[in-house]
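These notes are about the structure you will find just below.
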Number of protein chains: 2
Amino acid sequence: MDNKKTSGGGIQPSPERPTLKTIAFMTGLGITTVSRALKDAPDIGAETKERVRMVARQLGYQPNRAGVRLRTGKTNVIALVLSIDEEIMGFTSHMVFGISEVLAGTQYHLVITPHSHSKDPLVPVRYILDTGSADGVIISRTEPDDPRVELMHQRGMPFATHGRTNMGISHPFHDFDNEAFAREAVRALVAKGRRRIALLQPPGKLNYYLHTQIGFQTGLREYQAQEVPLRASTDTTLAEIKDTVEALMRSPHAPDGIVCSSSAGAIAVNAGIEAAGFHLGHDIDMVAKQSTDVLSWIRPEIIAIHEDFRHAGRELGKAVIARIDGIEPELLQSISSPIWPKG
Amino acid sequence: MDNKKTSGGGIQPSPERPTLKTIAFMTGLGITTVSRALKDAPDIGAETKERVRMVARQLGYQPNRAGVRLRTGKTNVIALVLSIDEEIMGFTSHMVFGISEVLAGTQYHLVITPHSHSKDPLVPVRYILDTGSADGVIISRTEPDDPRVELMHQRGMPFATHGRTNMGISHPFHDFDNEAFAREAVRALVAKGRRRIALLQPPGKLNYYLHTQIGFQTGLREYQAQEVPLRASTDTTLAEIKDTVEALMRSPHAPDGIVCSSSAGAIAVNAGIEAAGFHLGHDIDMVAKQSTDVLSWIRPEIIAIHEDFRHAGRELGKAVIARIDGIEPELLQSISSPIWPKG
DNA sequence: CTTTTCTACTGTATCGTTACAGATTTCCGC
DNA sequence: GCGGAAATCTGTAACGATACAGTAGAAAAG
């Protein structure tokens, strides 16, 4: 046996990776036959298929991705376009885990395509389209009228979005029911005797801002509560949120209930409330979304609604694959309901 | 044999994505010449190179990855092996963002290779090696004697680890100085007059458990404090941590200081302390690591040390690329120091 | 004026796969 | 026995890139 040194850079060849040629040689068949046998083509004999499959399994044959990709154009890649800007609580990782979970059972690899949401959001999508580097794309931070959706739709690239759009294009998506969340949040606060309610809302250009607003307004109307305006969003820095809330609490318009669209925001809001000398559960109540159950640990008084990002990841992964397989987009749209704490 | 079309003759420019052939046609050169010109090979004329580069830029030429990969074996992929098991605070995403940031300026794509840390950790690494699906690998949750490191080293696969190993193999890594963290944490607690100190430690099989332990023990000795044993680790569920801490606080051996190796753990520890009727900053002090500044928002009394995972991601990305380029591993090892709050 | 050397460029084979157009054998029906 | 269909299998040519072994022409050497 020859002793190879492992040194800088080069990968040592595995004990020679098997190709179709290897199997062809071992079975005495042609390369084409082997290829077709492994795809279960109708013009290959049953016994031959069996033999080929046995040898392939035995050798641990895995098709060479570069070969397939070059010949067929199929990349076997799903691209996840991610904003790499600051994120306080890492819900992104849960989504990545969910997608990974689904892709693990398939031939697809997950490629992270980063971008900064201060830059042109079309850049990463255009890159993927122009270089043909993925069979399907998942995007988040969806806007009501999203140019990325427009572009991918137009170019026929299968994709799924985290969050709906509102542009007359039917496409796969998964969304959290922010409308129900906000509406029910108001209801829960009113049930606790609260009537003057503030909302820490999502950034205005994202789609779920709209749903949150609609739900909130509906809730106010339906359960007869009043809105107390809060000049901050979940994209505002925590320090600013805290200061704004503190000032609001000290003002004559202080709310007695508050709805928070993010858990990081909820923490800052709570800090503002306490800085003003008030206490959750006593002077004021809060309903907040959370992706992990930290909030409940921090302040059990917070009514914490769970948004399951791992589930969202799974749904998005499944949807984009199904879309690649030609399933109609209308069948690949799902909305998950807020999960309320027991009792 | 048939006369094939040659570069001088009848090649039609593709209306699709440009290839070397397109550029060859437009410049009137051979495909090989174009390829070599774009690589700045020494045997191509300066003026020719200039012309080729101009046309390539103009067409927005990007080499076809499948072509390169098939011919050269170079994948231009960095694989990040990630545990997809529950993670409370999402530090993983920060690491992903850091790596992405570095790779964005290169030809490398980032592929997420998931695995469950309850399963054999070698599976994803073996898959990458056997299918040759990456040029470099980044792994986390490094163990003192890590079989993945052993395997990749042996097969000559460039890699970088988050966390050191202790197995006589020199390889790129980035690590947080957990020893300094634990030692200084004890010091900070002693400075506050605390003497009976407990440690919420990392899971025993991971490498940084050792460093944390050494630092902690050194601190105890150096600053004359006593260890109060705590039967839990950061991998224990939050509910269990809380119960354990609560019981400990009620016992005659209650600590008056505690060091936490994770922020999620710190939240549970705090819950336990409060459940037992004690208060941070009054009866007991806590030093804890955090990857985002949530802890400080939740309980400003917690002395929160910042561990920068985005920075770690950047370092790991740079290290693995440098290793692929043949830089010696000894030059690709970095340790980042705990960042203490001001004052 | 020939030979050698050098510069600048090019054709061919190849990586592993699949589409496509045969090719061979078997098995019918009549 | 024969035409023809069915059932199986196979060779060749790509996909886009690069390694390698050239070649043509000019310049330098003799």
Side-chain angles (χ1 to χ4, degrees), chain A residues 10-11 13-14 16-52 56 59-76 107 130-133, chain B residues 1-25 27-52 56 59-76 107 130-133:
Chain A
I11 304 171
S14 294
E16 211 56 47
R17 200 172 155 208
T19 68
L20 290 180
K21 208 160 147 186
T22 321
I23 302 176
F25 176 77
M26 295 192 69
T27 53
L29 296 161
I31 293 176
T32 303
T33 310
V34 174
S35 172
R36 299 186 57 68
L38 289 173
K39 314 204 117 51
D40 203 23
D43 64 346
I44 305 293
E47 198 212 338
T48 305
K49 280 181 188 168
E50 195 47 48
R51 243 171 72 229
V52 168
L59 291 173
Y61 170 75
Q62 303 249 167
N64 179 304
R65 309 192 122 230
V68 174
R69 180 163 170 179
L70 182 56
R71 186 61 179 89
T72 65
K74 173 130 210 222
T75 62
N76 287 307
Q107 77 271 48
D130 289 347
T131 61
S133 53
Chain B
M1 297 297 157
D2 293 23
N3 228 346
K4 291 171 195 165
K5 295 182 221 173
T6 57
S7 60
I11 298 176
Q12 299 308 314
S14 165
E16 306 283 318
R17 191 146 106 82
T19 68
L20 289 180
K21 206 158 146 186
T22 321
I23 302 177
F25 175 78
T27 53
L29 294 162
I31 294 175
T32 303
T33 310
V34 174
S35 172
R36 300 187 55 68
L38 287 173
K39 312 207 116 51
D40 204 22
D43 64 347
I44 306 293
E47 199 212 337
T48 304
K49 281 180 189 168
E50 193 48 45
R51 244 172 69 229
V52 168
L59 291 173
Y61 170 75
Q62 303 249 168
N64 180 304
R65 308 193 124 229
V68 175
R69 181 163 170 178
L70 183 56
R71 186 62 181 87
T72 66
K74 174 131 210 224
T75 62
N76 287 307
Q107 76 272 47
D130 288 347
T131 61
S133 54

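Residue numbers begin at 1 in each chain, while the letters A, B, ... track the order of the sequences. All values below were derived from every heavy atom in this structure, side-chain atoms included, with hydrogens, water molecules and symmetry-related copies excluded.
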Most 5' of B:R36 and B:V68 on DNA chain D, judged by nearest nucleotide: B:V68

For atom CG of B:L29 and atom P of C:dG11, their distance in whole Å: 11 Å

Sugar-phosphate, base or nothing in reach of A:T19, heavy atoms under 4.0 Å: sugar-phosphate

Length of the NZ-C1' vector between A:K21 and C:dT18, whole Å: 16 Å

Distance in angstrom units between B:Q107 CD and D:dA17 C1', rounded: 15 Å

Separation of C:dC9 P from B:K39 NZ (nearest whole Å): 17 Å

For atom CZ of A:R65 and atom P of C:dT18, their distance in whole Å: 13 Å

Touch class at under 4.0 angstrom, heavy-atom based, for A:N64 against every strand present: sugar-phosphate

Touch class at under 4.0 angstrom, heavy-atom based, for A:T72 against every strand present: sugar-phosphate

Sugar-phosphate, base or nothing in reach of B:T32, heavy atoms under 4.0 Å: base

Sugar-phosphate only, base, or nothing, as touched by A:G30 at under 4.0 Å among non-hydrogen atoms: sugar-phosphate

Spacing between A:R71 atom CZ and D:dG16 atom P, to the nearest angstrom: 10 Å

Whole angstrom value for the distance that separates C1' of C:dT14 from CD1 of B:I31: 14 Å

Distance in angstrom units between A:R17 CZ and C:dC15 C1', rounded: 12 Å

